[in-house]
Amino acid sequence: MALHTYEAAAEERLPGPVWDFFAGGSGTESMLTAGREALDRVQLRPRCLVDVSHCDPGTDLLGARLAAPLAVAPMAYHQLAHPEGEVASARGAGEAGALLTVSMFASRTLEDIAAAASGPLWLQMYWLRRREVMRDLILRAEAAGFRALVLTVDAPRVAYRPRDAANGFAVPPGVRAVNLSTEVMAASHGSRSGESALARHSREQFDASITWEDLAWLREVTSLPVVLKGVLTGEDAELAVKHGVSGLIVSNHGGRQLDFARSAPECLPEVVDAVGGNCPVILDGAIRHGADMAKALCMGADAVMLGRPALWGLAHSGDAGVAGVLRLLIDQFEEVMALMGAPTVADFGRSGIAHPVGGRLPF
């Protein structure tokens with residue numbers, strides 16, 4: 001099944017405001033297409049007469065073996081797409097051999113998600129004003145077997161998202177961020193005309209005062225690797241390495257935060273160069289084909305994250321849809337490996353791409 005088939009089915013099945021919540025962007029929504037346009041400008045340079053009778057897309061990421069360099073990005077409230085929510089996503093990701101990143105605003109408990117998972121799990125977090133809430137969630141994730149923490153750093157507040165504001169979007173009854181108290185999450189359920197409840201919630205609960213020095217608190221709380229999501233500059237990549245971060249995710253937050261920014265694919269080479277091999281770098285955003293995985297690897301990424309298409313699969317057919325979407329990209333990637341003359345993930349490098357991104361050399 002083609003990816004657009006999953007997308008069309010999801011749009012048809014989901015209520016309009018929920019579809020807008022998943023599909024929409026911030027401001028003018030310019031960032032919804034920027035990453036896709038950047039990746040489309042990258043051209044591959046295949047090599048010939050290489051033994052590709054067996055191609056192995058498998059890779060290791062922070063100690064976890066994956067079927068391919070592919071993970072599901074953190075996204076909140078999977079029950080908006082399917083009644084089983086993140087439990088179905090965990091089953092689907094595990095079946096495909098992919099990593100699942102679970103949002104702190106998941107609509108199923110960490111323990112239920114872990115019980116359903118056969119693949120590795122990471123927990124994504126925003127920095128809340130109430131650190132004891134964060135600490136409790138981290139300890140639960142450790143006990144449930146989660147392997148890393150992902151701290152989203154590009155959202156000191158939720159940006160203005162016109163579709164959500166127009167819809168007065170709030171998390172509907174029957175869906176809740178069950179890993180957090182009703183007190184912490186109350187604002188996300190209060191619908192007001194012309195305002196996003198999630199934006200209001202972020203203003204109340206997110207701590208916009210944190211700095212690099214606050215990462216020391218996370219290291220005191222947990223021994224899990226800490227991965228930063230939303231880094232787009234070499235300067236911040238260097239600071240991340242200096243402060244002991246275990247990985248970076250280059251991301252535009254699905255086009256839902258800073259409008260008119262450079263797209264994540266355009267920022268990837270700068271971040272990779274700044275890191276200098278000291279930690280893995282993951283590209284999140286605009287991945288829609290196995291060839292996009294190859295392009296990201298050529299530009300120095302260690303893996304990619306898939307966002308909205310995983311939710312399309314979930315809305316289409318639960319865990320089977322999630323697995324189907326992930327397998328589709330992995331199958332496409334294996335074909336690209338053979339046609340590129342790259343039988344292993346390690347065979348992708350900067351000699352494998354030709355054209356610059358956005359007028360800048362992609363390395």
Side-chain angles (χ1 to χ4, degrees), residues 1-24 32 35-36 57 64 66-103 105-110 112-124 171-172 174-178 254-256 284-293 303-336:
M1 185 181 298
L3 203 57
H4 66 81
T5 304
Y6 288 104
E7 180 181 16
E11 184 174 9
E12 181 180 350
R13 296 177 186 186
L14 296 176
V18 171
W19 175 258
D20 283 345
F21 170 62
F22 286 151
L32 291 180
R36 185 65 256 159
L66 305 178
L70 180 63
V72 177
M75 294 171 288
Y77 302 112
H78 286 207
Q79 278 191 327
L80 291 174
H82 188 275
E84 289 195 288
E86 290 81 3
V87 165
S89 297
R91 286 199 299 263
E95 185 178 336
L99 182 151
L100 175 65
T101 314
V102 177
S103 168
F105 301 134
S107 49
R108 299 295 302 269
T109 67
L110 300 185
D112 285 348
I113 297 167
S118 58
L121 299 173
W122 291 358
L123 173 66
Q124 175 272 343
V171 182
V175 177
R176 190 171 69 83
V178 296
R256 295 152 69 85
D284 166 50
I287 303 300
R288 295 294 183 268
H289 193 280
D292 297 331
M293 297 165 63
V304 303
M305 280 187 163
L306 186 71
R308 291 178 177 93
L311 291 178
W312 302 341
L314 182 63
H316 178 273
S317 49
D319 57 307
V322 174
V325 165
L326 294 169
R327 280 205 221 94
L328 174 63
L329 266 70
I330 293 171
D331 288 347
Q332 292 169 344
F333 178 59
E334 282 194 68
E335 179 175 90
V336 172

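Judged purely by atom type and a 3.5 angstrom limit, R308 has no side-chain atom pairing as donor or acceptor with the backbone of E7.
Here CD1 of I113 is found 7.0 Å from CG of L100. Values are rounded to the nearest 0.5 Å. To the nearest 0.5 Å, the span separating CE on M75 from CZ on F21 amounts to 10.5 Å.
Pairs engaging residues 71-91 under the side-chain hydrogen bond (donor to acceptor under 3.5 Å, both in side chains) rule: H78-S89, E84-R91, E86-S107 [sequence neighbours left out]. Among residues at least two apart or in separate chains, salt bridge (charged side-chain N to carboxylate O under 4.0 Å, His left out) pairs with a member in residues 11-23 are D20-R163.
Listed here is the closest heavy atom pair of G307 and A73: CA-CB, 4.1 Å. Looking at every heavy atom in both residues, F22 comes nearest to A81 through CE1-CB, 4.0 Å. Taking every heavy atom of both residues into account, W312 and A10 meet most closely at CA-CB, 3.8 Å. For V72 against A93, the heavy-atom pair with the smallest separation is CG2-CB, 4.5 Å. The two residues P69 and P57 have their closest heavy-atom pair at CD-O, 3.3 Å. Residues L121 and A114 share a closest heavy-atom pair of CD1-CA, 3.6 Å.
Under the rule for a side chain to side chain contact (heavy atoms under 4.5 Å, CB included), the partners of Q124 that lie at least two apart in sequence or sit in another chain are P74, T101, S103, M104, Y126, V150, T152. Take T5 and apply the side chain to side chain contact (heavy atoms under 4.5 Å, CB included) test, not counting sequence neighbours, and it matches M1, A2. P83 is linked by a side chain to side chain contact (heavy atoms under 4.5 Å, CB included) to nothing, counting only residues two or more places apart in sequence or in another chain.
Annotation: side chain of M293 is not in contact with side chain of L306 (no heavy-atom distance under 4.5 Å). A heavy-atom distance below 4.5 Å is found between the side chains of L70 and V304. By the 4.5 Å heavy-atom criterion applied to side chains, P120 and L66 are counted as neighbours.
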Name each donor-acceptor pair under 3.5 Å that joins a side chain in residues 315-335 to protein atoms two or more places apart or in another chain, with its distance.
| from | atom 1 | to | atom 2 | distance (Å) |
| --- | --- | --- | --- | --- |
| S317 | OG | G321 | N | 3.1 |
| R327 | NH2 | E95 | OE2 | 2.2 |
| Q332 | OE1 | G290 | N | 2.9 |

